[in-house]
Amino acid sequence: MVSSQMQEPRRASSDTATMGHLFLLDLSDNRVLSLNPDGSDRKVIVTECRYPDGIVVDVAAGHIYWTNMGNPKANDGSIERADLDGRNRKTIVPQGGTFTPKQLQLEKESGKLYWCDREGMRVMRVNLDGSNIETVVDTSQGDPRPGPDATKWCVGVAIDVDGGKVYWTQKGPDNAGKGRMFRAGIEIPTGQTASNRADIEVLYDGLPEPIDLDLDLNNRVMYWTDRGDPPRGNTVNRAPMDSAAKGRPDPEIVFSHLMEGIGIALDRKGDRMFITDFGGDVLSAKLDGSDKKVLLVAQGNLTGIAFSEIS
């Protein structure tokens, strides 16, 4: 279902500042930025990243983690960590531990990071200290890495611990309408491997170009950005997580007119989402797509964004 005609987002003002904090990635200048949820108090906290893409926050431990894509044609992707102010920077997954790491998620219960490896054609995870790098799903079907087939490229990832599932997107070629959404068990079934596991479910196919994912677990709704061509692309979409394969509703567009949408982060308690696009915009809206606001514009090529409950 496509929502009704969208109004242009309005500019946010400082008098609507609320609790919380945002962290986002600037690919064009290879930086990690922090700011308030109204767009104020923008700060550069980390520099000299290597094409950063995905970011998460561990509030309790006082850490941010981010992925560095590196050179997509080389096996030199990595994951780093720093304190919330950017100090005490540390490498968690060294260069070559993953090919082209994209969106990143923190699963605190098991103490693991999950990410999608685009040209590596994998969903992967690692302990927070960098030990035990694992492949959860391998979509390569025997193709060499870097993968030549963009339909096998994994990009966005999200975790449903209680449901025991990992969700991910495979974007397909640019604007080709071959994007797909999948899910599978967090653990590989006994006797199977990341390459031949039989529990993978296709939730949606024929999407323009799905990118990053986030889950509203209380209401059992998944949200994702789509970078493809309008009208279905350059949007934020949502769909129920638990609908049956037969009769599954079409995705609902809740935000449109993005400039190549990339990052998404949900503030579930605050009933709002935060979005970045490759045109350099930071935007927000309620989870139903209403109350759209422009927080920042022309900030370079922005990728991942994370929201945290830090005052």
Side-chain angles (χ1 to χ4, degrees), residues 17-27 29-69 77-95 97-98 101-116 124-134 157-161 212-218 263-270 272-276 282 284 295-296 299 302-311:
T18 54
M19 301 291 285
H21 214 71
L22 294 174
F23 295 86
L24 60 89
L25 300 173
D26 176 1
L27 179 69
D29 286 323
N30 287 310
R31 306 181 297 182
V32 181
L33 309 175
S34 71
L35 62 152
N36 291 328
D38 65 353
S40 65
D41 196 27
R42 174 183 168 277
K43 298 175 182 176
V44 177
I45 59 172
V46 179
T47 60
E48 298 181 353
C49 303
R50 298 181 63 254
Y51 301 108
D53 188 86
I55 186 167
V56 292
V57 182
D58 185 347
V59 176
H63 294 146
I64 53 173
Y65 295 84
W66 70 93
T67 62
N68 295 302
M69 291 187 290
S78 63
I79 298 176
E80 294 188 74
R81 186 188 80 192
D83 294 344
L84 298 179
D85 61 4
R87 298 180 182 179
N88 298 317
R89 186 170 176 176
K90 178 181 180 181
T91 298
I92 300 301
V93 174
Q95 291 185 27
T98 180
K102 298 291 286 179
Q103 189 180 13
L104 184 67
Q105 297 284 6
L106 170 67
E107 204 291 273
K108 191 69 174 179
E109 186 174 313
S110 63
K112 292 184 181 291
L113 297 168
Y114 284 77
W115 72 95
C116 274
M124 303 183 72
R125 67 185 175 195
V126 68
N127 294 335
L128 295 181
D129 63 1
S131 62
N132 195 26
I133 300 175
E134 299 177 275
V157 67
I159 309 299
D160 175 13
V161 176
D212 283 3
L213 273 169
D214 207 351
L215 303 178
D216 177 358
L217 293 173
N218 290 334
I264 185 168
L266 304 185
D267 170 17
R268 299 159 187 85
K269 291 183 180 179
R272 56 185 174 169
M273 68 179 92
F274 297 94
I275 310 147
T276 56
V282 184
S284 71
L295 307 181
L296 293 173
Q299 298 297 302
L302 300 182
T303 51
I305 188 168
F307 172 81
S308 59
E309 293 183 348
I310 303 170
S311 59

> For R268, is there an ion pair with D214 - N to carboxylate O distance below 4.0 angstrom?
yes
> Looking only at non-hydrogen atoms, find the nearest pair between I159 and L215 and report the distance.
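Here I159 and L215 meet closest at O-CD1, 3.7 Å.
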> Ignoring hydrogens and geometry, is there a side-chain-to-backbone donor-acceptor pair from T276 to G263 under 3.5 Å?
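A pair under 3.5 Å: yes.
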> Could you check whether any side-chain N or O of N127 sits under 3.5 Å from a backbone N or O of G130, counting only pairs where one atom can act as donor and the other as acceptor?
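Pair absent, no side-chain N/O of N127 close to backbone of G130.
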> Which pair of heavy atoms, one from P37 and one from F307, lies closest together, and at what distance?
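Here P37 and F307 meet closest at CG-CE1, 4.2 Å.
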> Going by the rule side chain to side chain donor-acceptor pair (under 3.5 Å), which residues pair with K43 if we only count those two or more places apart in sequence or in a different chain?
none
> Mind listing the closest non-hydrogen atom pair of V93 and T91 along with its distance?
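Taking V93 first and T91 second, the nearest heavy atoms are O-CG2, 3.5 Å.
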> Is the closest side-chain heavy-atom distance between V46 and C49 below 4.5 Å?
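Yes; the side chains approach each other to less than 4.5 Å.
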> Is V282 close to F274 at the side-chain level, that is, under 4.5 Å between some pair of heavy atoms?
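Heavy-atom side-chain distance check fails, nothing below 4.5 Å.
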> Which heavy atom of S40 sits nearest a heavy atom of D38, and at what distance?
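Closest approach of S40 to D38: OG-OD1, 2.6 Å.
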> Is L104 close to Y114 at the side-chain level, that is, under 4.5 Å between some pair of heavy atoms?
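When only atoms from C-beta onward are counted, L104 and Y114 do not touch, as no gap falls below 4.5 Å.
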> Evaluate the side chain to side chain contact (heavy atoms under 4.5 Å, CB included) criterion for residues R31 and E48: first the C-alpha distance (whole Å), next the side-chain angles of each, then the deciding distance (0.1 Å), finally the verdict.
CA-CA 6 Å; R31 306 181 297 182; E48 298 181 353; over 6 Å; no
> My understanding is that only residues two or more places apart in sequence, or in another chain, count here; which of them pass side chain to side chain donor-acceptor pair (under 3.5 Å) with T67?
none
> Any pair with a residue in residues 59-68 that passes salt bridge (Lys or Arg N to Asp or Glu O under 4.0 Å), sequence neighbours left out, goes on the list, sorted by first then second residue, please.
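Qualifying pairs, neighbours excluded: none.
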> What verdict does the side chain to side chain contact (heavy atoms under 4.5 Å, CB included) test give for E134 and M124, after you've listed the backbone C-alpha separation in whole Å, the side-chain angles of each residue and the deciding distance to 0.1 Å?
CA-CA 6 Å; E134 299 177 275; M124 303 183 72; over 6 Å; no
> What's the separation between atom CG in L84 and atom CZ in F23, rounded to the nearest 0.5 Å?
5.0 Å
> Quick one: does S284's side chain get under 4.5 Å of I275's, heavy atoms only?
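Contact flag for S284/I275 side chains = no.
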> How many angstroms lie between atom OG1 of T98 and atom CZ of R125, to the nearest 0.5 angstrom?
14.5 Å
> Within the structure provided, determine whether V126 and S131 are in side-chain contact (heavy-atom separation under 4.5 Å).
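No, their side chains stay 4.5 Å or more apart.
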> Which distance, rounded to the nearest 0.5 Å, do you find between the CG of D53 and the SG of C116?
10.0 Å
> Just to verify, what does N68 make a side chain to side chain donor-acceptor pair (under 3.5 Å) with, not counting sequence neighbours?
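N68 satisfies side chain to side chain donor-acceptor pair (under 3.5 Å) with W66, S78, E80 once adjacent residues are dropped.
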> Between Q105 (side chain only) and W115 (backbone N and O only), is there a donor and an acceptor less than 3.5 Å apart?
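Between the backbone of W115 and the side chain of Q105 there is no qualifying donor-acceptor contact (under 3.5 Å).
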> Considering residues at least two apart in sequence or located in another chain, which fulfil the side chain to side chain donor-acceptor pair (under 3.5 Å) criterion with Y65?
none
> What are the two closest heavy atoms between L106 and L113, and how far apart are they?
CD1-CD2, 4.0 Å
> Would you call K112 and E107 a salt bridge, taking side-chain N to carboxylate O under 4.0 Å as the test?
no
> Of the options L295, N36, L296, which is the one that meets L22 in a side chain to side chain contact (heavy atoms under 4.5 Å, CB included)?
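The option that passes is L295.
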> Just so I know, are the side chains of L128 and D58 near enough to count as touching, which here means a heavy-atom distance under 4.5 Å?
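They are in contact (side-chain heavy atoms under 4.5 Å apart), so the answer is yes.
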> Within this structure, what is the CD1-CD1 distance for the pair I79 and I55, rounded to the nearest 0.5 Å?
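Answer rounded to 0.5 Å: 12.0 Å.
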> With sequence neighbours excluded, tell me which residues meet salt bridge (charged side-chain N to carboxylate O under 4.0 Å, His left out) with D83.
none
> Do E309 and H21 have side chains that approach each other closer than 4.5 Å (heavy atoms only, starting at C-beta)?
no
> Of all heavy-atom pairs between I92 and P94, which one has the smallest distance, and what is that distance?
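Here I92 and P94 meet closest at O-CD, 3.9 Å.
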> Supply the atom-to-atom distance D41 CG to L33 CG, rounded to the nearest 0.5 angstrom.
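Here the rounded value is 12.0 Å.
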> Just by distance, do the side chain of D85 and the backbone of R87 share a donor-acceptor pair under 3.5 Å?
yes
> Nearest 0.5 Å, please: how far is CG in L25 from CG in L302?
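So the CG of L302 and the CG of L25 are separated by 8.5 Å.
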